[in-house]
Amino acid sequence: MRALIQRVTHAGVSVDGRTVGAIDHGLLALIGVERGDDETRADRLLHKLLHYRVFADDSGRMNHNLQQADGGLLLVSQFTLAADTRKGLRPGFSSAAAPEEGDRLFHYLLGRARAAWPHVASGEFGANMQVELVNDGPVTFLLET
């Protein structure tokens, strides 16, 4: 699994003009599910999402994680993160999980996140979503399991 995370001061996702998920300061995580991903990888990714130290401490250094910063977590499924871009000028998606498996693992991750942290929002799997954010820093990382 892959997550492109961005530290944000605000982020929201809408579908057909209605907001389906929003957070104030925290992390926006775009989630890509690949073939062979499973619950173990989802659990490892969630651990990273909750504990990756990208928030400033009192000295201004990135030493605090999402929980220490009391931030929100916005999970958005992003099929294109599983693209193979190494060759040519068109992405290939043979490494992406089948839609049913991607949906299952994304919702597994979402359920586990909500059980572990009270400030979790999400987009809608498979929907045409519009994502708005204010990247804080900017700070952006690609996490992989």
For [X], all residues meeting ring-ring contact (aromatic ring centres under 6.0 Å, His included), sequence neighbours excluded:
X: His107; value: none
X: Tyr108; value: none
X: His64; value: none

Just do the side chain to side chain donor-acceptor pair (under 3.5 Å) check on Asp70 and His25 with the steps written out, would you?
CA-CA 9 Å; Asp70 196 31; His25 96 104; over 6 Å; no
Only counting residues at least two apart or in another chain, list the ones meeting side chain to side chain contact (heavy atoms under 4.5 Å, CB included) with [X].
X: Asp24; answer: His10
X: Ala56; answer: none
X: Asp37; answer: Met1, Val33, Glu34, Arg41, Leu105

Measure the spacing between [atom1] of [X] and [atom2] of [Y] and express it to the nearest 0.5 Å.
X: Asp103; Y: Phe79; atom1: CG; atom2: CZ; value: 13.5 Å
X: Arg7; Y: Asp136; atom1: CZ; atom2: CG; value: 4.0 Å
X: Leu73; Y: Trp117; atom1: CG; atom2: CH2; value: 10.0 Å

Which pairs of donor and acceptor atoms, one on a side chain in residues 85-96, lie under 3.5 Å apart (sequence neighbours left out)?
| residue | atom | partner | partner atom | Å |
| --- | --- | --- | --- | --- |
| Arg86 | NE | Asp84 | OD1 | 3.0 |
| Arg86 | NH2 | Asp84 | OD2 | 2.9 |
| Ser95 | OG | Ala82 | O | 2.7 |

Mind checking salt bridge (charged side-chain N to carboxylate O under 4.0 Å, His left out) for [X] and listing every partner two or more places apart, or none if nothing turns up?
X: Arg112; answer: Asp43
X: Glu132; answer: none
X: Arg44; answer: none

Could you work out the complete set of other residues in the hydrophobic cluster of Leu133, with links drawn between I, L, V, M, F, W and Y side chains under 4.5 Å apart?
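Under the 4.5 Å side-chain rule, Leu133 groups with Leu4, Val8, Val13, Val15, Val20, Ile23, Leu28, Leu30, Leu74, Val76, Leu81, Met129, Val131, Leu142.
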Considering only Ile, Leu, Val, Met, Phe, Trp and Tyr, and joining two whenever side-chain heavy atoms are under 4.5 Å apart, list the other residues clustered with Val134.
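None, because no other hydrophobic side chain comes under 4.5 Å of this residue.
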